[in-house]
Engineer: 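Right, I'll just put the structure down here and ask away after.
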Amino acid sequence: MVQSAALLMQKNAANGHPPPSPMPLTPMVMRGNCRNALCVVRPPGHHAGVQGLIPGSTSCGFCVFNSVMVGAAHALQGPLRVPRVAIVDFDVHHGDGSEEIVRALHRAHSLPPNALFFCSIHLYDPGDASFGAFYPGSGAADDLSANVLNVPVAPLWRKSAIGKGGGGRPSVILGGSAPGASPKCACWGCGRAEWRSAFSQRVLPALRAFGPDLLLLSSGFDGGLGDIGNSKLDDKEKYHQGLDLSAADFEWATEQLVSVAAICCPGKVVSVLEGGYGNYEATRDTESGYTVSRAGLAENVGAHLSALAGVNPR
């Protein structure tokens, strides 16, 4: 009997222990022992590039080993190799490390030209006098020659920039307003409805057209409503949220990806946990008066896992 989903939990790669990796479950999915899998690994990995820290980047964003790219390499070059692997990254931050590795493999001709596809849907804001750049500040444009597709979404703190635009298409122009500023970028509008539109109109058709033999997910849940991973302070130190995804949004996105995989590969999906940190809550138990609740994060991950397993608890 084929299991609907397998679960792997790993953390704290240190003191001689192997790094967190989806490799134990990837062969199981490729062989058909289980239809799909969720790898709950820590630390996250999608900001780690070829040499770890990407040249010009401020940090690796808590990432040490790029777990999803390890899984991709194992699938493409291991004993059970498949011809085509797709990676979809829906963390709120651009998967700059994964993109750098994909570009490097393309330049080095290490793989056939159509072996690997990478897509990232993420918040993008190059910053201005009111807000600093949203980390990592990349992912504004595609590189179709390397099978890289970027889907930048404007943060909620730029809602006033939409005006009468929006309507399910890139409509918010960020950057390019001052000497030395980042190039202009046409982002999708703000909030969960625009995020779903971008997902439907850019991510899913491109994935279906690529037709992978295995789908890997960089599954970040820091785009959830209230998650500190999508927050930002303005120049007056006022706290803002950039995205407001609910558990229903993560469940919907997962169902859409699983549906595409059912057509292409039949249903072979390996999901790897990326970001997701929790929400601030008031408390009397800390000196700051705040604590971090992970209840919302747990609900979002649970919705994702339910959709992978084909169980709808709603």
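All values derive from a computational prediction rather than experimental measurement. The residues of the chain are indexed from 1 along the displayed sequence.
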Engineer: Calculate, to the nearest 0.5 Å, the distance between atoms NE2 and CG belonging to His74 and Leu214 respectively.
Structural biologist: 10.5 Å

Engineer: Check whether Leu123 and Tyr277 end up in the same hydrophobic cluster, where Ile, Leu, Val, Met, Phe, Trp and Tyr are linked by side-chain heavy atoms less than 4.5 Å apart.
Structural biologist: no

Engineer: Look only at the side chain of His93 and the backbone of Gly220, and say whether a donor-acceptor pair between them is shorter than 3.5 Å.
Structural biologist: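 Absent.
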
Engineer: Would you check if Phe65 and Val70 make a side-chain contact, meaning some heavy-atom pair closer than 4.5 Å?
Structural biologist: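 Sidechains of Val70 and Phe65: no contact.
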
Engineer: Counting N and O atoms only, with roles assigned by atom type, does the side chain of Tyr124 sit under 3.5 Å from a partner on the main chain of Cys187, one being a donor and the other an acceptor?
Structural biologist: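 The answer is no, because no donor-acceptor pair under 3.5 Å joins these two groups.
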
Engineer: Quick one: do Met30 and Val68 end up in the same hydrophobic cluster if we chain Ile, Leu, Val, Met, Phe, Trp and Tyr together by side-chain heavy atoms under 4.5 Å apart?
Structural biologist: yes

Engineer: Checking side chain to side chain donor-acceptor pair (under 3.5 Å) against Asn230, which of Gln241, His122, His240 comes through?
Structural biologist: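 Result: among Gln241, His122, His240, Gln241 is the only option passing the side chain to side chain donor-acceptor pair (under 3.5 Å) with Asn230.
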
Engineer: Please answer whether the main-chain N or O of Ala133 pairs with a side-chain N or O of Asp125 as donor and acceptor at a distance below 3.5 Å.
Structural biologist: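 Answer holds: no.
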
Engineer: Going by atom types only, do His94 and Asp96 share a side-chain donor-acceptor pair under 3.5 Å?
Structural biologist: no

Engineer: How long is the straight-line distance from SG of Cys60 back to NE2 of His46, given to the nearest 0.5 Å?
Structural biologist: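 That separation rounds to 11.0 Å.
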
Engineer: So, Arg196 and Asp249, do they make that salt bridge, N to O below 4.0 Å?
Structural biologist: yes

Engineer: Identify every side-chain donor-acceptor pair in residues 255-264 under 3.5 Å, counting partners at least two apart or on other chains, and give the distances.
Structural biologist:
from: Ser259; atom 1: OG; to: Glu255; atom 2: O; distance (Å): 2.8

Engineer: Whether the Asn147 and His106 side chains hold a donor-acceptor pair (N or O, under 3.5 Å, no angle test) is what I'd like checked.
Structural biologist: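 No, because no side-chain N or O of Asn147 sits under 3.5 Å from a partner of the opposite role on His106.
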
Engineer: Could you tell me whether the side chain of Asp222 and the main chain of Val92 form a donor-acceptor pair under 3.5 Å?
Structural biologist: yes

Engineer: Check the orientation of Trp157 and Phe131. Use parallel for under 30°, tilted for 30 to 60°, and perpendicular for over 60°.
Structural biologist: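 Answer is parallel, since the angle falls under 30°.
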
Engineer: Could you tell me whether a side-chain N or O of Asp91 sits under 3.5 Å from a main-chain N or O of Ser219, the two making a donor and an acceptor?
Structural biologist: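 A pair under 3.5 Å: no.
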
Engineer: Is the side chain of Asp244 donor-acceptor paired with the backbone N or O of Leu225 at a distance under 3.5 Å, no angle test?
Structural biologist: no

Engineer: Closest heavy-atom contact between Ala72 and Leu116?
Structural biologist: CB-CD1, 4.3 Å

Engineer: State, yes or no, whether a side-chain contact exists between Leu38 and Ser271 at a heavy-atom distance under 4.5 Å.
Structural biologist: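 They are in side-chain contact.
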
Engineer: What's the separation between atom CZ in Phe117 and atom CG in Leu144, rounded to the nearest 0.5 Å?
Structural biologist: 9.0 Å

Engineer: Side chains of Lys268 and Val82: closer than 4.5 Å at any heavy-atom pair?
Structural biologist: no

Engineer: Please report the interatomic distance CZ(Arg192) to CD(Glu194), rounded to the nearest 0.5 Å.
Structural biologist: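 Arg192 atom CZ to Glu194 atom CD measures 12.5 Å (nearest 0.5 Å).
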
Engineer: Do side-chain atoms of Arg103 reach the backbone of Ser98 as a donor and acceptor pair under 3.5 angstrom?
Structural biologist: no

Engineer: For the NE2 atom of His47 and the OG atom of Ser59, what is their distance to the nearest 0.5 Å?
Structural biologist: 7.5 Å

Engineer: Do you know which two heavy atoms are closest between Pro83 and Asp213, and how far apart they sit?
Structural biologist: CD-OD2, 3.2 Å

Engineer: Could you tell me whether the side chain of Arg158 reaches within less than 4.5 Å of the side chain of Asp128, counting heavy atoms only?
Structural biologist: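 In short, these two side chains touch, coming nearer than 4.5 Å.
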
Engineer: Less than 4.5 Å apart, any side-chain heavy atom of Phe199 and any of Trp188?
Structural biologist: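 No, too far: nothing below the 4.5 Å cut-off.
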
Engineer: Are Ile228 and Phe221 linked, directly or through other ILVMFWY residues, by side chains that come within less than 4.5 angstrom of each other?
Structural biologist: no

Engineer: As an exercise, state the distance from CD of Glu100 to CG of Leu53, rounded to the nearest 0.5 Å.
Structural biologist: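 These two atoms lie 9.0 Å from each other.
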
Engineer: With side chains defined as the heavy atoms from C-beta onward, is the minimum distance between Ser130 and Asp235 less than 4.5 Å?
Structural biologist: yes

Engineer: Do Val102 and Met69 touch side chain to side chain, with heavy atoms closer than 4.5 Å?
Structural biologist: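 With C-beta onward as the side chain, the pair touches.
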
Engineer: Same cluster or not: Leu245 versus Tyr280, using hydrophobic residues (I, L, V, M, F, W, Y) connected whenever any side-chain heavy atoms lie under 4.5 Å apart?
Structural biologist: no

Engineer: Is there a side-chain contact between Asp227 and Asn279 in this structure, where contact means two heavy atoms from C-beta onward sitting under 4.5 Å apart?
Structural biologist: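 When only atoms from C-beta onward are counted, Asn279 and Asp227 do touch, with a gap below 4.5 Å.
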
Engineer: Would you say that more than 12 heavy atoms from the other residues, nucleotides or ligands in this model lie under 6.0 Å from the OH of Tyr239, or not?
Structural biologist: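 Atom OH in Tyr239 is packed in, count exceeds 12.
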
